[in-house]
Amino acid sequence: MLVNTPPMGWNTWNTFAENINESVICRAADRIVELGLDKVGYQYVVIDDCWSERERDPKTHKIVPDHIKFPNGMKVVADYIHSKGLKFGMYSCDGVRTCANYPGSYDHEFLDAETFAEFGCDFLKYDNCFKPEHFAGPVLYRRMGNALRQCGRDILFSACNWGAENTWAWIRSTGAHMYRSTGDIFDSFASFAAIAKSQVPKFAFSGPQCFNDMDMLTVGMFNEGHVARGGCTFEEYRTEFALWALMGTPLMLGCNLETIKPEVLELITNRELIAFNQDPECRPAYPVQVFGAPDGVPDRLVLARMLADGDYAVGFFNLMDHEANMHCLFEQMGFPVLSGYGLRFTDVFTGEDLGLKQELLHLGKLVPHSCRVFRAHPEKV
Ligand code: GAL
């Protein structure tokens with residue numbers, strides 16, 4: 001299976017956690033289509049933890065869907081999602097139990113992969129709780145990677161071991177198509193800012209067939225749902241979505257699609273941000289300015305990224321709690337003054353053309369936790 005750009009979709013966990021059932025999933029699929037999210041690339045509908053009975057079937061040893069939550073089984077759910085033109089994702093774990101204490105796939109990897117294929121599953125998120133300590137993570141992820149390759153169906157392998165055991169160093173070798181690189185996200189500015197900052201130096205280890213996954217977005221949750229920790233302002237959600245888009249991490253939505261606000265819908269369907277995220281070359285974003293943090297990732301974060309069509313994505317993120325002056329020196333991007341080139345900046349949110357700039361773009365002050373993001377086009381001056 002080829003996964004050439006970061007996967008996009010929606011996952012149950014952030015909003016619903018254990019409160020999932022057939023109608024929650026099918027309604028999410030309906031909403032993806034009603035809201036036009038499928039038209040801009042969101043395609044996976046993923047059921048996270050808590051979908052099965054507490055124990056395996058004693059005779060077949062298979063994992064069985066919870067008969068109250070999913071009275072018609074999983075194939076019916078998969079068929080419904082497929083009828084909407086979308087893809088169906090499920091969840092398991094490399095340990096003996098899942099994180100929420102349902103059966104895990106440890107020592108049942110090949111049987112479970114076959115079961116997921118029978119359900120009509122297209123995506124498997126694979127967690128890391130209750131893993132026997134004597135087993136190395138790479139071996140267990142390779143087991144499931146092999147099982148999925150042998151199961152007779154194309155199933156995207158979404159590893160979720162939270163960056164443990166230096167995931168980035170070996171995860172590509174397991175067949176995983178994306179890999180969670182951090183602990184869980186919560187719905188607060190501090191949570192998503194810390195996650196993004198921690199991964200800025202790691203994006204050289206992300207690319208086609210295996211993407212660094214900074215977790216499901218909390219954008220638009222406004223402190224409702226399972227991962228609520230105070231919530232964010234709309235301005236902060238803009239910053240989160242822009243960071244995820246520019247950094248080229250999978251765009252898995254986590255907010256409630258029934259109650260989504262119009263401005264959130266506009267944000268998550270921003271065509272320029274999605275184009276950056278889905279850029280065919282999948283080049284990593286890199287920090288342009290160090291701003292007094294030579295050994296780390298600064299809170300005044302300027303990220304740039306080379307795009308396939310010759311343009312650049314440039315984002316200015318003020319992750320500080322106070323106003324900050326922001327600028328970008330083109331020398332840092334490899335465009336010295338003597339190159340004879342300047343950059344023309346177009347704001348991805350407003351469409352405003354800042355004109356052709358030489359040597360640097362001085363943006364002035366950004367309010368706390370906000371961002372500005374541009375497409376920069378090189379032109380001879
Ligand atoms: C965590 C995982 C979350 C969610 C949860 C389910 O380990 O990082 O994204 O899947 O388990 O219990």
Side-chain angles (χ1 to χ4, degrees), residues 6-21 24-25 28 44-55 63 65-66 69-70 74 88-106 112 116 121-133 135 137 140-141 144 155-168 171 174 176-188 191-192 194-196 198-199 202 211-221 224-229 240 244 249-256:
M8 296 171 66
W10 179 85
N11 174 303
T12 53
W13 185 254
N14 282 2
T15 293
F16 295 101
E18 72 273 22
N19 299 315
I20 46 172
N21 55 44
V24 164
I25 316 302
Y44 289 97
V45 181
V46 182
I47 305 182
D48 208 284
D49 206 349
C50 311
W51 59 268
S52 77
E53 292 285 357
R54 287 282 178 184
E55 301 303 332
I63 309 190
D66 181 304
K69 293 173 179 172
F70 297 100
M74 278 302 173
F88 176 44
M90 293 194 71
Y91 166 100
S92 191
C93 183
D94 68 358
V96 297
R97 305 291 290 175
T98 71
C99 300
N101 196 20
Y102 293 80
S105 288
Y106 178 75
D112 289 355
F116 292 125
C121 176
D122 308 297
F123 175 114
L124 180 70
K125 175 172 170 180
Y126 203 52
D127 220 326
N128 194 44
C129 287
F130 298 101
K131 173 173 91 69
E133 286 295 329
F135 253 101
L140 292 183
Y141 277 89
M144 187 48 97
I155 299 184
L156 188 154
F157 185 20
S158 168
C160 176
N161 81 332
W162 327 296
E165 301 174 76
N166 289 331
T167 320
W168 50 271
I171 195 69
T174 68
H177 300 104
M178 55 195 262
Y179 64 98
R180 274 278 300 283
S181 48
T182 70
D184 289 13
I185 198 166
F186 292 98
D187 186 15
S188 73
S191 173
F192 80 71
I195 286 177
S198 75
Q199 293 310 303
K202 297 273 174 60
F211 292 94
N212 182 331
D213 170 16
M214 301 199 304
D215 208 351
M216 286 91 70
L217 291 152
T218 57
V219 171
M221 292 189 71
E224 275 176 23
H226 180 70
V227 298
R229 288 292 191 284
E240 180 183 350
W244 263 234
T249 192
L251 297 178
M252 301 300 290
L253 305 169
C255 66
N256 189 342

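What you see below is based on every heavy atom in this structure, not just the backbone, and it leaves out hydrogens, waters and symmetry mates. Residue indices begin at 1 and follow the sequence shown. Since the structure is predicted, the reported quantities are computational estimates derived from the model, not experimental observations. Just follow the structure's listing: the first ligand is 1, and inside any ligand the first atom is 1.
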With sequence neighbours left out, write down each residue that passes side chain to side chain donor-acceptor pair (under 3.5 Å) with N14, or none if nothing qualifies.
-> none
Does a salt bridge link K69 with E18, judged by any charged N lying under 4.0 Å from a carboxylate O?
-> no
So, does H177 use its side chain to make a donor-acceptor pair with the main chain of F157 at under 3.5 Å?
-> yes
Within 45° of the ring axis of Y102 and under 6.0 Å from its six-membered ring centre, is that where the NZ or CZ of R54 lies?
-> yes
Which of parallel (below 30°), tilted (30 to 60°) and perpendicular (above 60°) describes Y44 and F123?
-> tilted
Does any N or O in the side chain of T12 come within less than 3.5 Å of the main-chain N or O of F16, such that one atom is a donor and the other an acceptor?
-> no
Note down each nitrogen or oxygen pair, ligand 1 side and protein side, whose separation is under 3.5 Å; give only atom names and the distance to 0.1 Å.
| unit_1 | atom_1 | unit_2 | atom_2 | d |
| --- | --- | --- | --- | --- |
| ligand 1 | 7 (O) | D127 | OD1 | 3.0 |
| ligand 1 | 7 (O) | D127 | OD2 | 2.9 |
| ligand 1 | 7 (O) | W162 | NE1 | 3.1 |
| ligand 1 | 8 (O) | W162 | NE1 | 3.1 |
| ligand 1 | 8 (O) | R180 | NH1 | 3.2 |
| ligand 1 | 8 (O) | R180 | NH2 | 3.1 |
| ligand 1 | 8 (O) | D184 | OD1 | 2.5 |
| ligand 1 | 9 (O) | K125 | NZ | 2.7 |
| ligand 1 | 9 (O) | R180 | NH1 | 3.1 |
| ligand 1 | 10 (O) | D48 | OD1 | 2.6 |
| ligand 1 | 10 (O) | D48 | OD2 | 3.3 |
| ligand 1 | 10 (O) | K125 | NZ | 3.0 |
| ligand 1 | 10 (O) | D127 | OD2 | 3.4 |
| ligand 1 | 11 (O) | D127 | OD2 | 2.8 |
| ligand 1 | 12 (O) | D49 | OD2 | 2.8 |

